[in-house]
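FYI, side chains are in, hydrogens and waters are out, and symmetry mates aren't considered; it's all heavy atoms of this structure.
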Amino acid sequence: MKRANRQLCVLAVVLAICGAAYLGVRWWNETRAETDDAVCVLEWTDLSGLAFEREGTALSFAKGGDGLWYSADEPDFPLEQSCLTDLEETLSALKAVKVIRDPEEDASYGLDAPVLRVAAELSDGTTGVLLVGSAVNGGYYAKLEDGDTVYTISSALMDGTDMGLMEMIALEEFPVVTEANAVSITLSLDGETRTFTKETVAGDDAAADACAWSLDGEALPEDDEALAAALSALPGLSFTSCHAWRPDLALQTDCGLERPARVTVTYLQGGSEEQYTLLLGGTDGAGNYYAQIKGSEQLNILRASAAQALLGLAEAGAAQETAQP
């Protein structure tokens with residue numbers, strides 16, 4: 001009986017040693033770093049095509065003869081170029097954090113079902129595919145599809161592809177309009193139209209020119225708070241994101257843009273009058289407004305504070321109207 005117990009103890013020790021050896025070898029394989037810290041997983045330069053698939057979403061892009069990137073599926077989509085040029089820079093010298101030259105099966109690193117697949121075509125016609133697997137120590141496992149070596153890489157590539165096409169759109173920008181170059185502002189809301197017109201009053205030798213505003217021909221006091229808020233909001237107008245590109249009528253209706261509030265801004269630029277009309281609809285779950293520049297194919301999101309400042313023009317002149325007998 002004692003002999004059997006001794007044999008069991010010896011066997012347990014042997015198994016423990018084997019297990020420790022296995023874990024040690026695996027740890028060595030996974031943590032062994034290349035002594036040359038300049039090892040690159042890939043160096044894709046002079047790209048002509050790029051595609052990536054992530055979480056079931058696939059996006060493809062092609063570089064035109066003008067050097068600009070275009071969506072392969074929708075060439076006229078207004079693509080924000082920095083989204084692709086940043087990826088180009090990352091892929092031109094993707095460095096390895098660590099190198100595993102004698103890796104286990106792909107499943108050990110999540111490479112049998114990669115979370116990201118990046119395919120590239122270079123201008124000379126050569127192609128390549130990079131697979132990115134499980135997260136590890138703030139980075140990810142990766143390998144070339146036709147290679148055997150497994151690497152760990154930083155999160156830069158995953159961060160640079162963490163977006164859908166709508167997040168890569170070049171958002172429309174508003175022209176810069178201040179009180180100095182504004183000519184008029186017209187608000188059309190709930191069947192009522194109000195037009196605010198500016199007149200520049202020349203100052204004397206000691207005073208600068210002043211701006212006098214009127215509402216539908218009636219002078220407004222200089223301290224009208226609603227008008228001041230709208231004029232303060234105009235120079236910083238900007239969309240936060242694009243809700244839809246080329247929205248259909250049903251979506252526009254859902255967003256309250258079938259009968260929107262209209263803010264038409266007339267301003268001076270280069271000595272001539274220019275104009276844009278902003279359409280304001282309903283609000284999203286965060287309280288921001290669906291908005292669209294008239295004639296645009298983008299249905300965007302505008303911050304609530306900016307939209308409310310413009311809509312507040314409906315209250316301009318209220319104190320003056322109350323004071324009238």
**OP:** Using the test salt bridge (charged side-chain N to carboxylate O under 4.0 Å, His left out), find all partners of Glu192 that sit at least two apart in sequence or belong to another chain.
**Re:** Arg194
Pair up each side-chain donor or acceptor in residues 281-290 with any protein partner under 3.5 Å, not counting sequence neighbours, and list the distances.
unit_1: Asp284; atom_1: OD1; unit_2: Ala286; atom_2: N; d: 3.0
unit_1: Asp284; atom_1: OD1; unit_2: Gly287; atom_2: N; d: 3.0
unit_1: Asp284; atom_1: OD1; unit_2: Asn288; atom_2: N; d: 2.9
unit_1: Asn288; atom_1: OD1; unit_2: Ala304; atom_2: N; d: 3.0

Original post:
With sequence neighbours left out, what residues match Val136 under side-chain contact (heavy atoms from CB on, under 4.5 Å)?
Top reply: Tyr141, Thr152
Subject >> Residue pairs passing the salt bridge (Lys or Arg N to Asp or Glu O under 4.0 Å) test where at least one lies in residues 76-94, sequence neighbours excluded >> reply: Lys63-Glu88, Asp76-Arg246
Original post:
Can you name the residues that form a salt bridge (charged side-chain N to carboxylate O under 4.0 Å, His left out) with Glu179, not counting sequence neighbours?
Top reply: none
Subject >> Non-neighbouring partners of Tyr276 that pass ring-ring contact (aromatic ring centres under 6.0 Å, His included), sequence neighbours left out >> reply: Phe174
Report, one line per pair, each donor and acceptor closer than 3.5 Å where one atom sits in a side chain of residues 253-264; sequence neighbours left out.
unit_1: Thr253; atom_1: OG1; unit_2: Leu249; atom_2: O; d: 2.9
unit_1: Thr264; atom_1: OG1; unit_2: Thr277; atom_2: OG1; d: 2.9

**OP:** Can you run down the ring-ring contact (aromatic ring centres under 6.0 Å, His included) pairs that involve residues 55-99, sequence neighbours left out, and say none if there aren't any?
**Re:** Phe77-Trp245
**OP:** Can you sort out the partners of Glu121 under salt bridge (charged side-chain N to carboxylate O under 4.0 Å, His left out), two or more places apart, ordered by chain and number?
**Re:** none
Original post:
Which residues satisfy the salt bridge (charged side-chain N to carboxylate O under 4.0 Å, His left out) test with Glu222, sequence neighbours excluded?
Top reply: none
Subject >> Any pair counted as side chain to side chain donor-acceptor pair (under 3.5 Å), so long as it reaches residues 48-60, sequence neighbours left out >> reply: Arg54-Thr161
Expected list for residues 228-242: side-chain donor-acceptor pairs under 3.5 angstrom, two or more places apart:
unit_1: Thr240; atom_1: OG1; unit_2: Ile301; atom_2: O; d: 3.4

